[in-house]
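All residue numbers refer to positions in the sequence shown, counting from 1.
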Amino acid sequence: MAALLLYRACRRPIVAGICKYSYPGATFQNNTQNHRPASTEAAVTAATSVQLANASGMVGFWQTLSNSTPVAYMQDALIQIHDYSGLPWWASIVLSTFLFRSIVTLPLTVYQHRITARIEKIALEMPAIVEELKREAAVAKHKFKWTDKQTQVVYQRSIKKQWQKLIIRDNCHPMKTLIVLWGQVPLWIFQSVALRNLVYLLPDPTSIQAQIVATEMTIGGFGWIPNLTVVDSSYILPVALGLINLAIIEVQSMSRTRPATRLQSAMNNVFRGLSIVMVPVACTVPSALCVYWVASSSFGLAQNMLLLSPEVRRSVGIPKTQTELDQPYDQLWLKIQQRVGLVEQSSPADKPQPPATK
């Protein structure tokens with residue numbers, strides 16, 4: 001969703017495009033040929049006013065975001081990384097992406113996995129607690145002459161209270177599983193807007209530094225995109241972006257050991273749709289943004305693959321759970337082969353049965 005909202009921010013300002021041919025006080029050499037009737041001029045003025053009124057809200061929002069302090073800090077960081085590393089701009093963008101994601105999103109992702117593992121462990125304690133609460137509720141119903149409705153209310157409250165105690169004990173509130181979004185989404189937006197500013201000499205086009213950076217970006221590309229300020233006309237980067245994002249979704253889906261819930265299936269379909277929508281969006285933005293988006297998604301895919309390994313999970317303090325894959329890469333490869341039809345999916349009836357005991 002952030003990608004779609006950022007679509008307008010990654011293009012040139014709308015107001016500039018509307019007003020660049022209507023400078024105040026402009027005169028024409030041949031007034032006879034170029035003079036428009038008063039009604040036509042009024043219609044053009046009215047249409048322009050409507051367009052400006054409709055665009056002013058979005059333009060004002062993106063202008064505020066473009067001039068914000070986090071974006072300014074991000075621009076300075078990108079310039080410093082480029083200057084100190086001595087790398088071309090495309091490599092500087094990739095290096096900064098890996099650096100920022102390693103500092104911000106990787107630790108948050110590890111923390112998210114720890115919280116998820118703790119929640120899964122305390123969920124295993126609940127069946128015994130539930131049985132005990134059922135017995136207590138039956139005794140209380142008989143002792144205090146409660147109705148079935150009263151007993152059910154007390155029983156549900158007791159379960160909720162015990163669940164809250166377990167959450168507090170292990171410090172694993174379910175809302176903490178969203179912590180990655182709190183870090184990754186702002187980082188993605190700020191770096192995207194910062195790169196857009198560098199390409200379009202914003203927020204101050206008269207700045208010498210802005211002009212130097214924009215000029216360097218015109219020759220700071222690679223291969224088929226030597227100029228990072230123009231779109232990738234070959235569509236290689238946009239298509240790669242869509243494929244990598246789809247790969248992230250499929251890896252997460254295939255690494256689950258339990259059947260997906262209805263909500264999980266719906267969310268997977270939504271993210272698949274967004275991954276496809278990102279392809280035409282990436283076809284309309286400067287190549288500098290495409291390089292960043294592809295690098296960021298590639299880091300995300302590598303991060304997800306790395307955190308499938310039990311050895312890596314133990315080394316970063318993620319506890320072992322029942323849903324963890326013992327041989328994740330072998331099982332992932334098997335599921336890929338099953339999806340493409342290279343291997344038939346095995347049914348429970350095909351599994352070898354243990355020998356009967358006498």
Side-chain angles (χ1 to χ4, degrees), residues 2-14 16-17 62-63 65-68 70-101 104-105 184-205 207-245 277-300:
L4 298 178
L5 292 177
L6 196 64
Y7 173 66
R8 295 285 291 274
C10 299
R11 305 189 61 141
R12 292 186 182 275
I14 301 172
W62 290 121
Q63 185 176 3
L65 180 61
S66 177
N67 297 334
S68 63
V71 172
Y73 282 135
M74 181 62 73
Q75 282 185 245
D76 291 339
L78 292 173
I79 294 173
Q80 292 297 327
I81 291 174
H82 171 262
D83 292 343
Y84 280 104
S85 66
L87 297 171
W89 262 107
W90 74 267
S92 297
I93 293 172
V94 174
L95 175 63
S96 63
T97 303
F98 289 175
L99 178 63
F100 294 147
R101 291 209 55 168
V104 178
T105 61
Q184 184 170 335
V185 172
L187 175 65
W188 190 88
I189 292 176
F190 292 149
Q191 190 165 353
S192 296
V193 177
L195 285 170
R196 180 249 191 185
N197 285 359
L198 294 178
V199 170
Y200 293 142
L201 291 82
L202 297 175
D204 183 11
S207 170
I208 298 299
Q209 185 184 51
Q211 296 175 8
I212 292 175
V213 170
T215 303
E216 290 176 342
M217 281 197 169
T218 60
I219 57 173
F222 64 94
W224 66 94
I225 45 170
N227 186 352
L228 294 178
T229 63
V230 299
V231 300
D232 181 8
S233 57
S234 67
Y235 306 126
I236 295 177
L237 287 180
V239 172
L241 175 65
L243 293 177
I244 294 172
N245 286 335
V277 170
M278 276 296 295
V279 175
V281 171
C283 291
T284 62
V285 300
S287 298
L289 280 169
C290 278
V291 171
Y292 165 59
W293 290 348
V294 170
S296 180
S297 296
S298 300
F299 186 94

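- In this structure, CE on M74 lies 11.5 Å from CG on N197, to the nearest 0.5 angstrom.
- For Y235, the ring-ring contact (aromatic ring centres under 6.0 Å, His included) criterion is met by no residue, not counting sequence neighbours.
- Considering only heavy atoms from C-beta on, V94 stays 4.5 Å or farther from L87 through its side chain.
- We find the OG1-CZ distance between T229 and R196 to be 14.0 Å, quoted to the nearest 0.5 Å.
- In terms of heavy atoms, V285 sits closest to A282 at CG2-O, 3.5 Å.
- Counting only distance, with no hydrogens or angles, the side chain of S66 and the backbone of Q63 share no donor-acceptor pair below 3.5 Å.
- By the side-chain hydrogen bond (donor to acceptor under 3.5 Å, both in side chains) test, S298 is found to be paired with no residue, residues two or more places apart in sequence or in another chain being considered.
- With sequence neighbours left out, D204 forms a side-chain hydrogen bond (donor to acceptor under 3.5 Å, both in side chains) with T206.
- Using the six-membered ring where Trp is involved, W293 and W188 have ring planes that are parallel, under 30° apart on the 30 and 60° scheme.
- A 4.5 Å side-chain heavy-atom check between Q191 and L78 finds at least one atom pair inside the cut-off.
- Of all heavy-atom pairs spanning A295 and F98, the tightest one is O-CE2, 3.5 Å.
- Partners of L243 under the side-chain contact (heavy atoms from CB on, under 4.5 Å) rule, at least two apart in sequence or in another chain, are V239.
- Contacts of P186 classified as side-chain contact (heavy atoms from CB on, under 4.5 Å), with partners at least two apart in sequence or in another chain: F190.
- Under the rule for a side-chain hydrogen bond (donor to acceptor under 3.5 Å, both in side chains), the partners of S234 that lie at least two apart in sequence or sit in another chain are W224, D232.
- For S287, the side-chain hydrogen bond (donor to acceptor under 3.5 Å, both in side chains) criterion is met by no residue, not counting sequence neighbours.
- Taking every heavy atom of both residues into account, Q211 and P205 meet most closely at NE2-O, 3.2 Å.
- Between N67 and V71 there is no side-chain heavy-atom pair separated by less than 4.5 Å.
- The side chain to side chain contact (heavy atoms under 4.5 Å, CB included) with L241 is formed by just one residue from the set C290, S297, S296; it is S297.
- The shortest distance between side-chain heavy atoms of V291 and F222 falls below 4.5 Å.
- The side-chain contact (heavy atoms from CB on, under 4.5 Å) test applied to D76 returns no partner, not counting sequence neighbours.
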Side chain to side chain contact (heavy atoms under 4.5 Å, CB included) between L289 and V199, intermediate numbers included: CA-CA 9 Å; L289 280 169; V199 170; over 6 Å; no
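- Y292 and S192 make their closest contact through CE2-OG, 3.3 Å (heavy atoms, listed as atom of the first residue, atom of the second, distance).
- Across all non-hydrogen atoms, the minimal contact from T97 to I93 is OG1-O, 2.7 Å.
- Looking at H82, its side chain never comes within 3.5 Å of a backbone N or O of P88 through a donor-acceptor pair.
- Of all non-hydrogen atoms in S85 and L95, the two that sit nearest each other are CB-CD2, 4.2 Å.
- Under the side-chain contact (heavy atoms from CB on, under 4.5 Å) criterion, V213 pairs with I79, W89, L198, Q209, not counting sequence neighbours.
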